[in-house]
Amino acid sequence: MKQFAALFAAIDATTSTNEKVAALKAFYENAPDDDAAWATYFLAGGKPRQSIPTKVLRSAALAASGLPEWLFEESYQAVGDLAETIALVLPPPIRDDDESLTTWIESRLAPMRGATPEDASATLQSYWQMLDIERRFLLTKLIGGGFRVGVSKLLVTRALADFSGVDAKTIALRLMGWTDKNAQPSTAAYAALIAPVAPASDGAQSQRTDGAPYPFFLAHALNEPVEKFDSLLGDPRDWIVEWKYDGIRAQLIKRGGMVWIWSRGEELMTDRFPEIVKRAQTLPDGVVIDGEILVMREGDDVPQPFNLLQQRIGRKTLSKKILAEVPVQLLAYDLLEFDSADLREQPLSLRREKLEALCAASHWPLSTTVNASDWATLAQLREESRQRRVEGFMLKARDSRYGSGRTKNDGTWWKWKIDPMSIDCVLIYAQAGHGRRAGLYTDYTFAVWNRAPQSADEAQTVVAAIKAGLPPGELQLVPFAKAYSGLTDEEFKRVDAVIRKSTVNSFGPVRSVAPSLVFELGFEGINLSPRHKSGIAVRFPRMLRIRDDKPIHEADTLMSLNALM
Amino acid sequence: MAAVHANDTDLIVLRPQGMYCPAGDFYIDPWRPVDRAVITHAHADHARMGHAHYLASRDAEHVLRSRLGAIDLQTLTYGEMITINGVQVSLHPAGHVLGSAQVRVAHAGRVWVASGDYKTAPDATCAPFEAVPCDTFITESTFGLPIYRWPNDADVFADINAWWSANAAQGLASVLYCYSFGKAQRILSGVDASIGPIVVHGAVQVLNAAYRASGVALPDTQLVTDVADKASLKRALVLAPPSVAGSSWMKRFGEYRDAFASGWMLLRGARRRRGVDRGFVLSDHADWPGLHSAIAATGCEQVIVTHGSVPVMVRYLEEKGLHARAFATEFGDDALDDSAPEAAITTAIVQA
Ligand SMILES: [Zn+2]
Ligand SMILES: [Zn+2]
C-alpha cells in the first residue's frame with residue numbers, strides 16, 4: 001500500500017497537472033499489475049466496497065487517540081476532514097507494514113464487511129498502529145467512504161496512454177465500465193486495458209467500429225457592434241445562423257451497432273443518457289453527429305434551464321422518475337460522418353443537407369436555422385434569446401469545413417452572445433486567491449438586500465449589527481453569488497486593502513467584512529435553486545466593475561434578481 | 001513599591017500597553033510605546049518601534065538593530081542576571097529564532113517565566129530551548145491542537161532538496177515562500193547548497209547579513225539583481241516572503257515551481273488554500289507535544305496562555321490539574337495569510 005499511498009500523497013501535494021501525470025506514470029511503471037488494477041479502479045472514480053459507519057470510525061479513533069472528546073471535536077473543526085483528523089491525532093505507529101494494496105483490499109478490508117462494531121473498532125485500531133500518517137489517512141478514507149483522488153479521469157487516461165503507448169481515446173473507451181458496481185479489478189482486466197491496439201486486418205474499405213470521437217470544432221466570440229457586420233462578415237445569406245443553446249456540447253457516435261456519447265472535454269458520457277442511446281437505435285451505422293444535449297420535453301422547442309441538466313448530471317443513479325421528469329435530447333448541429341465516410345472536409349452547406357435528410361428519416365431532433373437577409377433583422381431576432389433560453393446566435397460560414405479546436409483555417413464559426421445580465425450587489429465575504437493571486441483576497445461572496453432599505457441609516461444599522469456580531473434582523477443582506485474574476489490587478493489590490501481593514505471575523509480562510517463596497521456583477525443565466533439561501537443560482541458570475549458611486553443602501557434586492565428570471 | 005496592584009501576588013499582569021511587571025516597572029514585548037521594554041525576540045509583533053529603553057539577548061542584537069535601527073538597547077547573555085527595581089531578570093534560550101529568549105522574572109520568592117514564542121525542535125541557527133523552572137509559565141499556543149505534530153527536520157529538508165533537484169533538472173526555478181526572519185535562515189542552514197545557486201529576496205538578505213554578523217554560518221546567497229548568469233536562475237532556489245507572490249518581482253524567474261514552508265502546511269486544506277505547488281511543514285513554533293513537554297519541564301503550577309489556540313489550551317491544562325488562564329495579547333498568531341509582522345519587516349527594509 002506504500003506505493004499507492006505515496007501516489008495519493010504526490011497527487012495531493014501538487015497543483016501542477018504535469019506533475020500529477022508524472023506521478024501517475026511513475027506509479028504505473030513500478031506497481032505490480034494487481035495493485036495497478038485496483039489503483040486504476042480508484043483513480044477512475046471507483047468507490048471502495050466496504051464502509052464502516054462514521055460513528056464506529058469516530059469512536060475507534062477517539063479510543064486510539066486517548067484525547068477527551070471535546071478536544072477531538074476541536075481538532076476535527078480545525079481540519080474539516082474526519083479521516084485527516086484521525087490520521088493526525090493518533091499516536092505515531094508502533095510497527096511497520098509492507099503489504100500490497102491488493103492484500104489490504106482483498107484480505108484485510110473485505111473481511112471487515114459485516115463485522116460487529118466492536119470487532120471493526122478493534123481491527124481498525126490494530127491497523128492504524130502499523131501505518132504512518134499518509135497511509136492511515138488513505139486507509140481511513142477507504143473504509144470511511146467518501147474516498148476521492150484529486151485527479152480527473154482525463155489525467156488518469158493520459159497517464160495510462162503515456163505509460164502504455166496506447167492512444168488516449170482508446171484507453172478512455174476501455175476504461176468504460178471499470179467503475180461499475182459489478183466490475184472486479186483484476187490483472188486480466190488491467191492487461192486488456194493497456195494492451196496494444198491490433199492493426200486493422202483488411203484494407204481501406206473496412207468500416208470503423210471503434211467509439212473514438214473527432215476533435216470538436218470550436219467557435220470564437222464575436223464582440224463587435226452589428227453595424228460592422230456587413231464589412232466583417234459580408235452577406236448574412238453566406239452564413240448558417242443557429243440559436244446558441246446552453247447545454248452540453250456532445251458528439252454521438254454510432255458504429256457497428258454500438259453507441260457512444262462524448263462531451264467536448266472528451267469525457268465519455270454514454271451511460272448518463274440512456275434515452276439518447278435508445279433513440280439512436282433509429283440511426284444507421286457509421287454516423288457521427290455533433291450537437292447539444294439539452295433537457296427538453298418531447299414537442300417543446302424551448303429547452304429547460306441548464307441547472308436541471310446539471311442536477312441530472314450529478315445523479316449517481318438514474319431512476320425512472322428522473323428519466324421521466326428530466327428527459328434529455330441531443331439536438332443535432334452537424335454531421336461529421338455518414339455511411340462510415342468522414343465528412344469533415346466537405347462544406348457545411350453540404351453536411352447540413354445530409355444532416356437534415358438524416359434527421360427527417362430517423363426522427364432525430366435538429367437545430368433550426370434562422371434566416372434573414374440583413375444583420376439588423378438578425379440583431380432584432382437575437383433579442384428573443386432570453387425567452388428562448390439560449391445565449392444568442394451561432395454564425396457558421398456555409399462553406400466552412402469542420403476544423404479542429406479553435407483554428408480559423410477551416411473557416412470561422414462565431415458565437416454572437418447576448419449581453420450578460422447584471423446586478424449591483426454588496427461584498428460580504430472574501431477568501432484569498434490561488435496561484436498568481438495567492439495572498440490577495442480575490443474570491444468574493446456577494447449579497448443583495450432582502451428588501452430595499454428605507455434609508456442609508458437603515459442600511460448602516462445592518463452594518464453595525466454585522467460588526468458587533470449580532471444575529472441579522474429583519475433587513476438582511478442575502479448572499480447569492482461568488483465571483484473571482486473581472487477586476488484588474490490594481491483593482492484587486494485596492495479591494496484587498498479594504499477587506500483587510502474591514503474584516504469583522506475569520507472562519508478558517510474566509511473573512512467576513514463590514515459591508516462597504518458595491519459591485520456590478522454580470523452573469524449569463526439565472527435559475528431558481530432551493531439549495532441556495534437566496535433561492536437563486538446565477539451562472540458564470542463575474543465582476544463588471546466596482547460601483548464606487550453607489551452607497552450600499554442603493555444595491556439591488558432579491559426582487560430585482562427575481563425580475564431577471 | 002509605589003503602585004500596589006489589585007492582585008498582589010502576580011509578578012506579571014496585563015495592561016493596555018502589554019504584559020507588565022509591576023514590581024520591576026517594566027514591560028515584556030509591549031505593543032504600545034513604554035519606557036522600559038524587555039524584548040523576547042525581534043519578530044515585529046513582539047519587538048515594536050518607539051520604546052525608550054530596550055533589553056534583549058546578546059544574540060538578538062544584530063537582528064533587532066537591522067529591524068529597529070538606532071534604539072537604546074542593553075543586552076544580556078543567556079543566563080546572565082540583572083536586577084531591575086529589586087526584581088531579578090534573566091534571559092534564557094527559547095529556540096524560536098536567533099536571539100529569542102524566555103524572560104525569567106524573580107521577586108520575593110516567586111519565579112515567573114514569559115516564553116515569548118518558542119520551539120523545542122532543533123534549529124541550527126539559534127540556541128536550543130531551555131526549560132526554566134518556575135511557578136508561573138506564560139506560554140504561546142500558536143499550534144495548540146493535537147493535530148500539530150511536526151515531522152523530523154531531516155525528512156523535511158530531504159523533501160525540500162528533492163523538490164529543488166527535480167525542478168532544477170527540468171530547468172525550473174524553485175521559489176520557496178517563507179518568513180524572511182528565522183524561517184528563511186533555518187531553511188538555508190538545512191538545504192544542500194550544492195544543488196544550485198541560492199537567490200534571496202532583499203527582505204531575506206538583510207536578515208542573512210544580521211545572522212552572519214552574529215556568527216551563524218549560512219551558505220552563499222545572492223540578490224536576483226546580482227546574478228550575472230541569468231540562465232543559472234533556472235536551477236536556483238529562491239527564498240522570498242509570501243507577500244511577493246504575484247508581484248512583478250517574480251517575473252524574472254520565468255517559469256517556476258512554488259512552495260510554502262510553514263507549520264500550517266500540515267493540513268491539506270491549508271495547502272490547497274495557499275495555492276502553491278507544494279507545502280513543506282516547517283515551523284518555528286512548538287507543536288502540541290512540544291508545548292506540553294515544555295510546560296511540564298518547568299514544573300509550574302500556573303500557566304498563562306497567549307496568542308493561538310488559547311481556549312483549547314486553557315481547558316486542556318485545567319483538565320490536567322494545572323491552574324490555567326489567558327492573556328489577551330496583541331501578538332500576531334502567525335496567520336496563514338501574510339502576517340502583519342512580515343509586512344512590517346518588508347516595509348522596514350524598503351524604507352531602510
Ligand atoms: Zn515570533
Ligand atoms: Zn508570537
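Here is the naming used below: chain letters follow the sequence lines, and residue numbers restart at 1 for every chain. Not measured: the values here are computed from a predicted model.
- Rounded to the nearest 0.5 Å, atoms CZ (Arg315(B)) and CG (Leu71(A)) are 8.5 Å apart.
- Residue Leu267(B) forms a side-chain contact (heavy atoms from CB on, under 4.5 Å) with just one option from Thr85(A), Asp81(A), Leu88(A), and that option is Leu88(A).
- Around atom CD of Glu73(A), more than 12 heavy atoms belonging to other residues, nucleotides or ligands sit under 6.0 Å away.
- No more than 12 heavy atoms of other residues, nucleotides or ligands shown are found within 6.0 angstrom of NZ on Lys467(A).
- The existence of a salt bridge linking Glu19(A) and Arg257(B) is confirmed by a sub-4.0 Å separation between a basic side-chain nitrogen and an acidic carboxylate oxygen.
- Note that CH2 of Trp288(B) is 7.5 Å distant from OG of Ser75(A), once rounded to the nearest 0.5 Å.
- With Arg268(B) contributing its side chain and Glu84(A) its backbone, the two residues share no donor-acceptor pair below 3.5 Å.
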Side chain to side chain contact (heavy atoms under 4.5 Å, CB included) evaluation trace for Glu74(A) with Tyr316(B):
CA-CA 11 Å; Glu74(A) 287 279 355; Tyr316(B) 186 77; over 6 Å; no
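- Listed by chain and residue number, Gln125(A) satisfy the side-chain hydrogen bond (donor to acceptor under 3.5 Å, both in side chains) test with Ser121(A) (two or more places apart in sequence, or in another chain).
- Neither the backbone nor the side chain of Ile133(A) comes within less than 4.5 Å of any heavy atom of chain B.
- Both the backbone and the side chain of Arg278(B) come within less than 4.5 Å of a heavy atom of chain A.
- Here Phe72(A) contributes atom CZ and Leu145(B) contributes atom CG; the two are 12.5 Å apart, rounded to the nearest 0.5 Å.
- Nearest heavy atom pair, residue Arg271(B) against residue Asp12(A), reads NH2-OD2, 3.5 Å.
- Within a 6.0 Å sphere centred on CD of Glu255(B), heavy atoms belonging to other residues, nucleotides or ligands number 12 at most.
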